[in-house]
Every structure is written in C-alpha cells, then in structure tokens.
**Q** 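Once you've had a glance at the structure underneath, I'll fire off some questions.
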Amino acid sequence: MQDIHNMSQLTSADLELARAFPEGFLWGAATASYQIEGGAFEDGRGSSIWDDFSATPGKVFQGENGNVAADHYHRLAEDTELMSSLGLGAYRFSIAWPRILPEGRGAINNAGLDFYDRLVDGLLAKGITPYVTLYHWDLPSPLQQEGGWVKRETAFAYADFAEVVAKRLGDRVTNWITLNEPWCSAYLGYGIGIHAPGVQDRQAALDAGHHLMLGHGLAVPRIRAHSAPNSQVGITLNLAHVYANDERPETQRDVALADAFSNRWFLDPILRGHYTEGFFEQLGLNAPPVQDGDLATISTPIDFLGVNNYTRLLVKGNTERIPLADQVSLVAPIPSACYTEMGWEVYPNGLRDLLLRLTKDYAVSKLYVTENGAAFKDAWNGNGHVSDPRRVDYLRTHIAGLAEAIQQGAPLRGYFVWSLMDNFEWAEGYSKRFGIVYIDYPTQKRVVKESGYWYAGLLKAFNQAH
Ligand SMILES: N=[N+]=NCCCCNC(=O)[C@@H]1[C@H]2[C@H](O)[C@@H](O)[C@H](O)[C@@H](CO)[C@@H]12
C-alpha cells in the first residue's frame, strides 16, 4: 500500500483547512452492519427485513443482497488495521439486531455479541473510538411479521435490544447513537416502499416514524444505565437545508412544507417535544397513534444530534395548488450544477447552512456530522490506486464548510465520512460506491482510493497542528 500518510495529495490550502479545526475535533468514517458485514447466515444470525427485501425479485438492483457484502464479518483484523493506517480517530458502525436477538426479542445469541466485542476491543487497541449505532435498518424479520415499526410493541422490543447491547459493550463504548435516519426507515420503508420492508402506505410511514422515535426515547435511559458515566447518547437524522428557487409566495409556502417533511417531522418531537403544528394535515393524513407521555419520552434529553447530509433541497413553488408536504416539487437538474451517481446535487454550502440552522433553531449542545460523502463512478484497473478526484473535491469543499460553521458558532464536534469502504447501497445494490476505500468484490481486496489518501493526509495534518 502506498505510504498512506504521503500528504502529496494535499494542497497548501488543505493544510490550512486542517489547521482551522479546533483541538479535539473528531475525524472518523462510518459504515453499517447490513451494508458491509456479510456472514448473513453465520453464528446464529437471524434474518432481517433487508434479507427478505433483497430476496424479493425486483426490489434490489440486479437482485443483489448483503449475504457476503464486503465480508467484514471475516476481516475484522484487516479492516481495523486499515482504519488505523488511515489515521481515523473514530469509527461509526452499527449492530445487527438479528445477530443479537435472532427472533427480535427473547433468546440472546452470544456469538453475535462476541463479534462486536472483538470489533470494539480491536478498535480500542488501535486508539480508535467506537461510535455505535444501535439500529441501521436491519429489523429482525419476526418483528416485521408482527407488523414491524407500525406496531407500538416494536418500540419496546427495540429498547430491550438496546439494553442487551449496552450491558455487553457499555464498559468500553461511551458513544451511542440510538437510530440511524428514522425518516428513511419510516418513509422509504413504510411510505413509498423503495426500502425494506417495502410497504406503500403513507399513514403507515407516520405511525412507523412515531414508534421509531418512541423506541429512541425508551432506549436512552436503558443505554445510560449500562454505560460509563462519561458516556453520551444521541440520534442520527438525515437532514437537508431547504432553499427557495425564487421569491414568490408559493415558493416560500412550499419551502416550509418541504422543511416540515424533510427535517421537522423528527427534529421537533425529539428536540422540542411536539410535532410541527399542522404537519399531519399538510400530509393529508391522520395523526399517528400518540399515547399520553409519548412526546415526553421521545424528547428525553440527548447529548448530541448526529446529522447525515449529502445534498440540499431546492424548491420551486407550485402556483396551481398547495401540494401535500411530501409532494413539493424540487427544482430539476440545474445545467451548471454537478450531481453524484445518486442524482444528488453537489452543494457544499448546504451542509454548512444546515448546521447553522440547527444551531439557530434548536437547542442542540453538540453536533456530529455522522455521514457525508458521495458516490461517483470509481474504477480500478487491477493495480495501483483508484483515482477519484471528484470525491476528493466533494470532501474538501464540504469539510471547508464545516470550518465555516464552527467559526460561526455551530457546536460541531466531529465528522464521519460515508463511507469507510464501498458497500451494499440498499436498493442500488453494489452499483453505487461511496467508499474512500475501493472494494474489489470478486477478490474482496481493499484498495485505498485517492480520496482515502487525501483524507488520511488531512487527518495527519490536523494531528500535527495540535
Ligand atoms: N429517496 N430519497 N431520499 C432522500 C433522502 C435519502 C437519504 N439517504 C441517506 O441519507 C442514506 C444514508 C444511510 O445512512 C446510508 O446507509 C446510505 O448508504 C447513505 C447513502 O445513500 C445515506
């Protein structure tokens, strides 16, 4: 492997950028269990809704699945060494609920806990801080057979699962993220069905969203009870700053609708203790089955907000009618703009502006960017490294926006690039590559991309400055 700390990829501006970050800023990379582990039928792991969804014809690109993925389940030592060679200060990963409780509740599969024990110990031995996401979409299939997140009982099963994991890892893991992107679980999974479990019912999305947040609130005290006193617990939301395409009143109206649907649906209950006024009417739906005390549970104080951001939303008002909040028209591709392989506009100021909005509008004591990155057409010719200049530029410009946000008062404490390695990109299968490390799936060879060398150089320059 080329000298990974060769900082030749860095410009003098990059070195200056590294020095702009405050001492103690955390630099990491993120992954998720179903996307990288493989080992889908090993050591007692049960089935998840993503195993079922992938096995359903037509749901995932070319019928691909996470049976093998990046084979991380069998490559812990190699992959933690890779993280160390990149100079990561932290690594964000998720726990596969079906490895721990194959039936979703009840009998504990200790072999599953043992795997994460080994991972955590390997990270700590290399001075890498674990950030553990307890739920990154792989709900055990038996719970979905009972209705999944549209059922209130699933929230309680989730809190029980969280406690099982905290009891085993809480003596070493001090950074916990309850859920990853409940918006995606609820809307993509239960609303429009392009993600597992593939339900197409917008009311179900609202009900699932409520129970996901309830599970979050129930889990927080259970995690705290089994973690060291200096532990911190948060949640990760996918959020995007909403911009107006023009000054027309219809556009201002639709910007508010898009913001309610994309951001405030989860921000308001979790951080303000109430749903956005008029939100359910704006969707043309009924309120979810809120019970007395739910919003108090959901808004239990957390120590940080994790922010996943990839792009911005640009809204052009509908002049004929008031659209439903989830049907606001976004501005189509702009000739002068750049787009990733996901069709997402590259707009670095969107991350900066999002962080500043959160700082201004919500009383968050700490923020982490728990995911940011891009999929581009990466190719490897079988030797040498992988050239991905567009990803280097994406990371450089978005990280520059972080420095500006911090300078303007955002309580940002860390950044996790998505992703450490190429992986199973949900319904897109392996067709989309987000890694700073290329995975040659036929051989499972890990090939650090130019962006991986760049990121390692930035982290080295940061460490040298402090
Ligand atoms: N339709 N539509 N959608 C609008 C919003 C979708 C946002 N998707 C994300 O943030 C997912 C997040 C996920 O944690 C990770 O597991 C995924 O691999 C990345 C990359 O896709 C991102």
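When a ligand or atom number is given, it counts from 1 through the structure's own listing order. Hydrogens, waters and symmetry mates play no part in the numbers below; they use all other heavy atoms, side chains included.
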**Q** I'd like to check which ligand 1 atoms, numbered from 1 as shown, lie under 4.0 Å from a non-hydrogen atom of Gln35.
**A** 15 (C), 16 (O), 18 (O)
**Q** Is there a heavy atom of Trp426 sitting under 4.0 angstrom from any atom of ligand 1?
**A** yes
**Q** In ligand 1, which numbered atoms sit nearer than 4.0 Å to a non-hydrogen atom of Asn308?
**A** 14 (O)
**Q** Tell me, please: is His136 in heavy-atom contact with ligand 1, that is, under 4.0 Å?
**A** yes
**Q** Could an N or O of ligand 1 be found under 3.5 Å from any N or O of Asn180, whether backbone or side chain?
**A** yes
**Q** Within a 6.0 Å radius of atom CD on Gln145, are there more than 12 heavy atoms belonging to other residues, nucleotides or ligands?
**A** yes
**Q** Measure the distances from the heavy atoms of Phe424 to every atom of ligand 1 and state whether one is below 4.0 angstrom.
**A** no
**Q** So which heavy atom in the protein is nearest atom 3 (N) of ligand 1, and how far is it from that ligand atom?
**A** Trp183 CZ3, 4.1 Å
**Q** For ring-ring contact (aromatic ring centres under 6.0 Å, His included), just list the numbers for Trp426 and Phe53, CA-CA rounded to whole Å, side-chain angles, deciding distance to a tenth of an Å, and then say yes or no.
**A** CA-CA 10 Å; Trp426 309 114; Phe53 195 71; 9.7 Å; no
**Q** Identify which of Leu188, Thr31, Asn423, Thr311 has a heavy atom lying nearest to atom 1 (N) of ligand 1.
**A** Leu188
**Q** Side chain or backbone of Tyr187 under 4.0 Å from ligand 1, or both, or neither, by non-hydrogen atoms?
**A** neither
**Q** Between Phe161 and Trp97, does the ring centre distance come in under 6.0 Å?
**A** yes
**Q** How would you list, by chain and number, every residue that makes a side-chain hydrogen bond (donor to acceptor under 3.5 Å, both in side chains) with Asp138, sequence neighbours excluded?
**A** Ser33
**Q** Kindly confirm or rule out a cation-pi arrangement of Arg92 over Phe416, judged by NZ or CZ under 6.0 Å from the six-membered ring centre and within 45° of its axis?
**A** no
**Q** Would you indicate whether the side-chain heavy atoms of Ile436 and Leu86 approach each other to under 4.5 Å?
**A** yes
**Q** Do Trp344 and ligand 1 have an N or O pair less than 3.5 Å apart?
**A** no
**Q** Kindly confirm or rule out a cation-pi arrangement of Arg433 over Tyr438, judged by NZ or CZ under 6.0 Å from the six-membered ring centre and within 45° of its axis?
**A** yes
**Q** Would the number of heavy atoms belonging to other residues, nucleotides or ligands and lying under 6.0 Å from CD of Glu103 be above 12?
**A** no
**Q** Mind checking whether Glu425 contacts ligand 1 via backbone (N, CA, C, O), side chain (CB onward), both or neither, at a 4.0 Å heavy-atom cut-off?
**A** side chain
**Q** How far is atom 19 (C) of ligand 1 from the closest protein heavy atom, and which atom is that?
**A** Tyr310 OH, 3.5 Å
**Q** To the nearest 0.1 Å, how far is atom 9 (C) of ligand 1 from its closest protein heavy atom, and which atom is that?
**A** Glu181 OE1, 3.2 Å
**Q** Counting non-hydrogen protein atoms only, what is the nearest one to atom 14 (O) of ligand 1? Give residue, atom name and distance.
**A** Glu371 OE2, 2.8 Å
**Q** Within the structure provided, determine whether Ile235 and Ile302 are in side-chain contact (heavy-atom separation under 4.5 Å).
**A** yes
**Q** For Arg357, enumerate each residue passing the side-chain hydrogen bond (donor to acceptor under 3.5 Å, both in side chains) test, keeping only those at least two apart in sequence or located in another chain.
**A** Asp259, Asp361
**Q** Distance under 4.0 Å to a non-hydrogen atom of Phe434: what atoms of ligand 1 satisfy this?
**A** 20 (C), 21 (O)
